[in-house]
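Everything below concerns the one structure shown next.
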Amino acid sequence: MEAQFPEDFRCPISLEIMSDPVILCSGHTFERASIQRWLDAGHRTCPITKLPLPEYPSLIPNHALRSLISNYALVSPPKLHHQPLGEPQALITTLSSPSSTLDSKLDSVDQLIRLSKRDAAFRSKLTDSGVVTAVLRCVGSNDLILQEKALSLLINLSLDDDNKLGLVAEGAIGQIVTALLGGGSSNCRALAATVLTSLAVVDVNKATIGAYPYAIWALVSLLKDGKGREKREAATALYAICLFPDNRRRAVQCGAVPILMRIADSGLDRSVEVLGLLGKCKEGREEMVNFNGCVRVLVRVLKNGSSRGIQYALLTLNSLCCYNEATCLEAIKQGVLEICIGLLDDDNEKIRRNASNLIQGWFCAQWSFFFADLLKGQVDI
């Protein structure tokens with residue numbers, strides 16, 4: 001099965017399929033353990049470009065790639081050696097023809113899924129052959145099995161940046177949003193969210209997806225009403241899309257904050273990562289401050305969450321404490337300062353840095369709030 005994975009899924013250092021991909025500040029992605037060993041050995045150059053790195057290089061989780069690898073393994077059909085592959089153009093014709101039977105279309109999609117794994121050049125050739133239009137029609141099919149397989153094929157085709165742009169240009173977002181909102185299976189909705197995550201890797205697509213009617217609303221609805229995997233994929237897609245600043249306000253307007261808060265309280269740390277982004281906009285901070293129990297939820301993540309959850313809970317609290325005095329005081333009451341002091345010795349560099357920033361931010365915020373009250377004549381010197 002590992003031999004069928006695209007080469008982009010392999011760590012450039014270990015050459016193994018990545019399970020925890022992270023982006024180095026040089027822009028290249030590596031398996032976390034492999035690049036960490038490289039850095040721990042004292043290297044301060046990128047293993048690929050050989051360009052110098054800062055003294056303390058940041059390792060940014062590549063959520064989009066991690067989700068793609070996970071879903072690629074989940075939906076990939078077994079390799080059937082006894083079945084010969086058909087010619088791509090003949091398979092596309094079968095998909096496009098109104099007279100083709102459902103069974104023949106299902107078989108064609110299965111073969112195209114297998115063909116699209118070969119390499120980037122072949123996926124590009126397949127796209128140039130007009131496969132996208134036929135696949136998008138299948139995504140809109142009333143047959144849930146065909147719809148699911150077509151979405152799996154879109155994930156394959158979206159692995160390459162040029163294809164990501166081409167898919168959007170051919171109207172993929174509309175069909176994917178329809179799949180998110182439609183009455184399809186849980187797996188279809190999760191796959192549709194994964195396709196959006198993949199497309200959003202390209203910056204211009206982040207803006208296009210966010211501006212598309214009901215795209216963000218559909219993901220927020222999936223967060224609210226979906227099952228476990230649907231919620232995870234919706235949160236991952238929202239994170240990727242909200243890396244574009246304008247989309248944060250759109251997500252807040254769609255009611256994302258209270259839903260993310262409740263999900264975070266139930267233990268899905270990925271929702272905290274989205275909150276960390278939404279806390280960077282004024283609208284997001286206002287919604288969080290107005291959510292009853294906001295600080296309590298974030299403190300729970302600090303005590304029981306994963307490393308990523310803790311990292312983004314610290315980031316979110318820093319945004320809120322610098323914004324609102326009541327939230328700042330509530331955080332102190334809940335023991336955040338003591339927790340942060342303990343996290344200054346954490347093994348994770350980002351957690352240490354975020355904890356330090358929150359402590360410094362708290363003292364700066366206290367002085368800021370003091371002088372603001374002083375100017376208003378509410379305190380005496």
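Worth saying up front: this structure is predicted, and the values here are computed from it rather than measured.
- Counting all heavy atoms, side chain and backbone alike, V177 lies closest to P213 at CG1-O, 4.2 Å.
- Atom OH of residue Y312 and atom CG of residue L277 lie 6.0 Å apart, to the nearest 0.5 angstrom.
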Problem set entry | CA sep, side-chain torsions, deciding dist, call: N62, V22, side chain to side chain contact (heavy atoms under 4.5 Å, CB included) | CA-CA 5 Å; N62 193 332; V22 293; over 6 Å; no
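- At a threshold of 4.5 Å between side-chain heavy atoms, the hydrophobic network of Ile, Leu, Val, Met, Phe, Trp and Tyr places V202 and L65 in two separate groups.
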For this session: Apply side chain to side chain contact (heavy atoms under 4.5 Å, CB included) to V195 and L167, showing your working.
Result: CA-CA 10 Å; V195 178; L167 286 167; 5.8 Å; no
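- By the criterion of side-chain heavy atoms lying less than 4.5 angstrom apart, applied directly or through intervening Ile, Leu, Val, Met, Phe, Trp or Tyr residues, L59 is not grouped with I69; the two fall into different hydrophobic clusters.
- Side-chain atoms of K350 and S58 include no donor-acceptor pair closer than 3.5 Å.
- You'll find the side chain of L298 stays beyond 4.5 Å of the side chain of L302, heavy atoms only.
- Looking only at distances, a side-chain donor or acceptor of S271 sits under 3.5 Å from a matching main-chain atom of A264.
- Note on V168 and L243: same hydrophobic cluster, where clusters join Ile, Leu, Val, Met, Phe, Trp and Tyr whose side-chain heavy atoms are under 4.5 Å apart, directly or indirectly.
- Considering only residues two or more places apart in sequence or on other chains, W217 meets the ring-ring contact (aromatic ring centres under 6.0 Å, His included) condition with none of them.
- Of all non-hydrogen atoms in G284 and V257, the two that sit nearest each other are O-CG2, 4.2 Å.
- Expressed to the nearest 0.5 Å, how far CG of D8 lies from CD1 of I17 amounts to 10.0 Å.
- Applying the side chain to side chain donor-acceptor pair (under 3.5 Å) rule to S186 yields the partners E230; only residues at least two apart in sequence or on another chain are considered.
- Distance alone, capped at 3.5 Å, is enough to place a donor-acceptor pair between the T94 side chain and the A90 backbone.
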For this session: In sequence, state the C-alpha distance, the side-chain angles, and the governing distance for C11 and M18, and then conclude on side chain to side chain contact (heavy atoms under 4.5 Å, CB included).
Result: CA-CA 6 Å; C11 173; M18 291 181 279; 3.7 Å; yes
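- Looking at D143 and K149, no side-chain N of the basic residue comes within less than 4.0 Å of a carboxylate O on the acidic one, giving no salt bridge.
- Side-chain N or O atoms of S100 include none that pairs as donor or acceptor with a backbone N or O of S96 at under 3.5 Å.
- The list of salt bridge (Lys or Arg N to Asp or Glu O under 4.0 Å) pairs with a residue in residues 195-212, not counting sequence neighbours, reads D203-K206.
- A donor-acceptor pair is defined here as one N or O able to donate and one able to accept, closer than 3.5 Å; no such pair exists between the side chain of R32 and the backbone of D20.
- Residues passing the ring-ring contact (aromatic ring centres under 6.0 Å, His included) test with H28: none are found, sequence neighbours excluded.
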N/O donor to acceptor pairs below 3.5 angstrom from side-chain atoms of residues 38-45, sequence neighbours left out:
from : atom 1 : to  : atom 2 : distance (Å)
W38  : NE1    : T45 : O      : 2.8
D40  : OD1    : Q36 : NE2    : 3.0
R44  : NE     : E55 : O      : 2.8
R44  : NH1    : L39 : O      : 3.0
R44  : NH2    : E55 : O      : 3.3

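- Atom CG of L144 has more than 12 neighbouring heavy atoms from other residues, nucleotides or ligands inside a 6.0 Å radius.
- Note on L165 and I173: separate hydrophobic clusters, where clusters join Ile, Leu, Val, Met, Phe, Trp and Tyr whose side-chain heavy atoms are under 4.5 Å apart, directly or indirectly.
- Taking 4.5 Å as the limit, every side-chain heavy atom of I145 sits out of range of all side-chain heavy atoms of E148.
- Put simply, the side chain of L260 does not reach to within 4.5 Å of the side chain of L268, judged on heavy atoms.
- Checked by atom type and distance alone, the side chain of R248 pairs as donor or acceptor with a backbone atom of C242 at under 3.5 Å.
- Screening D346, L314, L343 for a side chain to side chain contact (heavy atoms under 4.5 Å, CB included) involving R352 leaves a single residue, D346.
- Using a 4.5 Å heavy-atom cutoff, the side chains of L180 and Y214 are not in contact.
- Using a 4.5 Å cut-off between side-chain heavy atoms of Ile, Leu, Val, Met, Phe, Trp and Tyr, with links allowed through other members, V109 and I155 fall into the same hydrophobic cluster.
- Nearest approach of S152 to I113, heavy atoms of both residues: CB-CD1, 4.1 Å.
- Here the side chain of T49 pairs a donor or acceptor atom with the backbone of L51 at under 3.5 angstrom.
- Under a 3.5 Å cut-off, the side chain of S266 and the backbone N or O of I263 do form a donor-acceptor pair.
- Of all non-hydrogen atoms in V299 and I339, the two that sit nearest each other are CG1-CD1, 4.1 Å.
- Taking each heavy atom of A200 and N205 in turn, the nearest pair found is CA-CB, 4.4 Å.
- In this structure, P61 and R308 have side chains that are in contact, with non-hydrogen atoms separated by less than 4.5 Å.
- For E31 (side chain) and S19 (main-chain N/O), a donor-acceptor pair under 3.5 Å exists by modelled atom type.
- Smallest separation of non-hydrogen atoms from R189 and G182: NH1-O, 3.9 Å.
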For this session: Check step by step if side chain to side chain contact (heavy atoms under 4.5 Å, CB included) holds for L181 and L222.
Result: CA-CA 8 Å; L181 295 172; L222 193 59; over 6 Å; no
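- The SG atom of C138 sits 10.0 Å away from the CD atom of Q175 when rounded to the nearest 0.5 Å.
- Note that the CZ atom of R123 and the CG atom of L112 stand 13.5 Å from one another [nearest 0.5 Å].
- S104 and T101 are linked by a side-chain donor-acceptor pair at a separation below 3.5 angstrom, with hydrogens and angles left out of the test.
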Per-pair distances, 0.1 Å, donor-acceptor, side chain in residues 288-296, under 3.5 Å, sequence neighbours excluded:
from : atom 1 : to   : atom 2 : distance (Å)
N290 : ND2    : E286 : O      : 3.0
R296 : NH1    : D265 : OD1    : 3.4
R296 : NH2    : D265 : OD2    : 3.4

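- Judged by distance alone, the side chain of S34 and the main-chain N or O of F30 form no donor-acceptor pair under 3.5 Å.
- Side chain to side chain, S158 and N163 fail the donor-acceptor criterion of an N or O pair below 3.5 Å.
- No side-chain N or O of E233 forms a donor-acceptor pair with one of T197 less than 3.5 Å apart.
- Annotation: side chain of I35 is in contact with side chain of P47 (closest heavy-atom distance under 4.5 Å).
- Counting only heavy atoms from C-beta outward, the side chains of I341 and E338 never approach each other to under 4.5 Å.
- Taken to the nearest 0.5 Å, the CD1 atom of I351 stands 11.5 Å off from the CG atom of L344.
- Looking at N354 and Q311, their side chains never bring a donor and an acceptor atom within 3.5 Å of each other.
- When side chains are defined from C-beta on, L151 counts as touching C188, because their heavy atoms get closer than 4.5 Å.
- Atom-to-atom distance recorded for L136:CG and S141:OG is 12.5 Å, nearest 0.5 angstrom.
- Remark: the backbone N or O of G279 is paired with a side-chain donor or acceptor of R285 at under 3.5 angstrom.
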